K.L.:
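Right, I'll just put the structure down here and ask away after.
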Amino acid sequence: MGSSSIERLDRMPVLFVGHGSPMNAIEDNVWSQNFRKLADLIPPPKGILSISAHWFITGTFLTGNENPATIHDFSGFPKELYEIEYPAPGDLALARKAVNLIGGDVAALRDDWGIDHGTWSVLCHLRPQADCPVVQLSIDSRLDPASHFDIGRHLAPLRAEGILIMGSGNITHNLRYAMMHLYNNDLSLPDWAASFDAEMADALVRHDDGYLKKALERSNGKMSHPTPDHFLPLLYAAGAANGEDKVSFPVTGFDLGSLSMRAVLFD
């Protein structure tokens, strides 16, 4: 974080993380090692507001649980992964504040969700003591990209209160393609993934919000995201950032050949 700007020191960065496989929570690999290194780039937050690709539903909701459950929202993985608990407390005051910022006619509290693996598979490395309150924000599947970006913009004032706004998804995420090519022992990087990842990095550095909002309309965007759930958390993060933020990429690279693991820090 830049030490030359008092303004920058007075607000939390915004983070987007390519979370990839839930196995990153229990494996010691390049991705989990990089998740741990992210902690050195971010001041200790007073709370975390996470937008995970895995709470993609109809409606905009904030978790209102005092003790949110650890949700194991996957199947077919080793028993060890299902035994993970991430016992971070919730923060009802933060959840209510987020509802007010978004608008009570749009957002509401729910207590039937918790912390899913899009959040805890990152935070178990970033905040391993689970000592920071965590609230999740759902992604409304009915909204267009510009509306998701706008919700992020509404949440931006939380940065001045020590809240880390964290989007968790992947900049490229065509899981069917990845699994098919893994089965065929082909982990080469396809052109559509390489070009989309590079274009997003360029647009982020330039704070070209219009480009980001239209990204899924491009041919490589459609190939990178057959469904938009893993891309939209990036729009929340970009919306919570502003043109004064320096954009950096503390994690880059591809897993499974085509899955971008790029992390974005707005600071």
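Note that the structure is predicted; figures quoted are calculated from it, not measured.
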K.L.:
Above 12 or not: heavy atoms from other molecules or residues under 6.0 Å from CD of E66?
P.N.:
no
K.L.:
Sequence neighbours excluded and cut-off under 3.5 Å, please list the side-chain donor-acceptor pairs for residues 248-257, or say none.
P.N.:
none

K.L.:
Classify the side-chain pair S21/N24 by whether it contains a donor and acceptor separated by less than 3.5 Å.
P.N.:
no
K.L.:
Counting only heavy atoms not in N184 (residues, nucleotides, ligands), do more than 12 fall under 6.0 Å from its CG?
P.N.:
yes
K.L.:
Around atom CD of Q129, are there more than 12 heavy atoms of other residues, nucleotides or ligands at under 6.0 Å?
P.N.:
no
K.L.:
Is there a donor in the side chain of S168 and an acceptor in the side chain of H19, or the other way round, less than 3.5 Å apart?
P.N.:
yes
K.L.:
Hey, is K97 close enough to E161 for a salt bridge, meaning N to O under 4.0 Å?
P.N.:
yes
K.L.:
Working to the nearest 0.5 angstrom, can you tell me the gap between K46 NZ and L164 CG?
P.N.:
13.5 Å
K.L.:
Decide side-chain contact (heavy atoms from CB on, under 4.5 Å) for L204 and L234; before the verdict, give the C-alpha distance in whole Å, the side-chain angles of both, and the deciding distance to 0.1 Å.
P.N.:
CA-CA 10 Å; L204 289 162; L234 177 65; 4.1 Å; yes
K.L.:
Looking only at side chains, do S32 and N29 share a donor and an acceptor under 3.5 Å apart?
P.N.:
yes
K.L.:
Verify the cluster assignment for F56 and V122: are they in a single hydrophobic cluster under the rule of side-chain heavy atoms below 4.5 Å apart?
P.N.:
no
K.L.:
Apply the test side chain to side chain donor-acceptor pair (under 3.5 Å) to residues D144 and S147: give CA-CA distance (whole Å), side-chain angles for both, the deciding distance (0.1 Å), then the verdict.
P.N.:
CA-CA 5 Å; D144 61 17; S147 298; 2.7 Å; yes
K.L.:
What is the ring orientation for H54 with H230, classed by angle as parallel under 30°, tilted 30 to 60°, or perpendicular over 60°?
P.N.:
perpendicular
K.L.:
Any chance NZ of K213 has more than 12 other-residue heavy atoms, nucleotides or ligands included, within less than 6.0 Å?
P.N.:
yes
K.L.:
Mind checking whether F77 and H72 have ring centres under 6.0 Å apart?
P.N.:
no
K.L.:
Is there a side-chain contact (heavy atoms from CB on, under 4.5 Å) between R11 and D245 once you walk through the steps?
P.N.:
CA-CA 10 Å; R11 67 175 188 266; D245 286 313; 2.9 Å; yes
K.L.:
Which of parallel (below 30°), tilted (30 to 60°) and perpendicular (above 60°) describes H207 and F266?
P.N.:
tilted
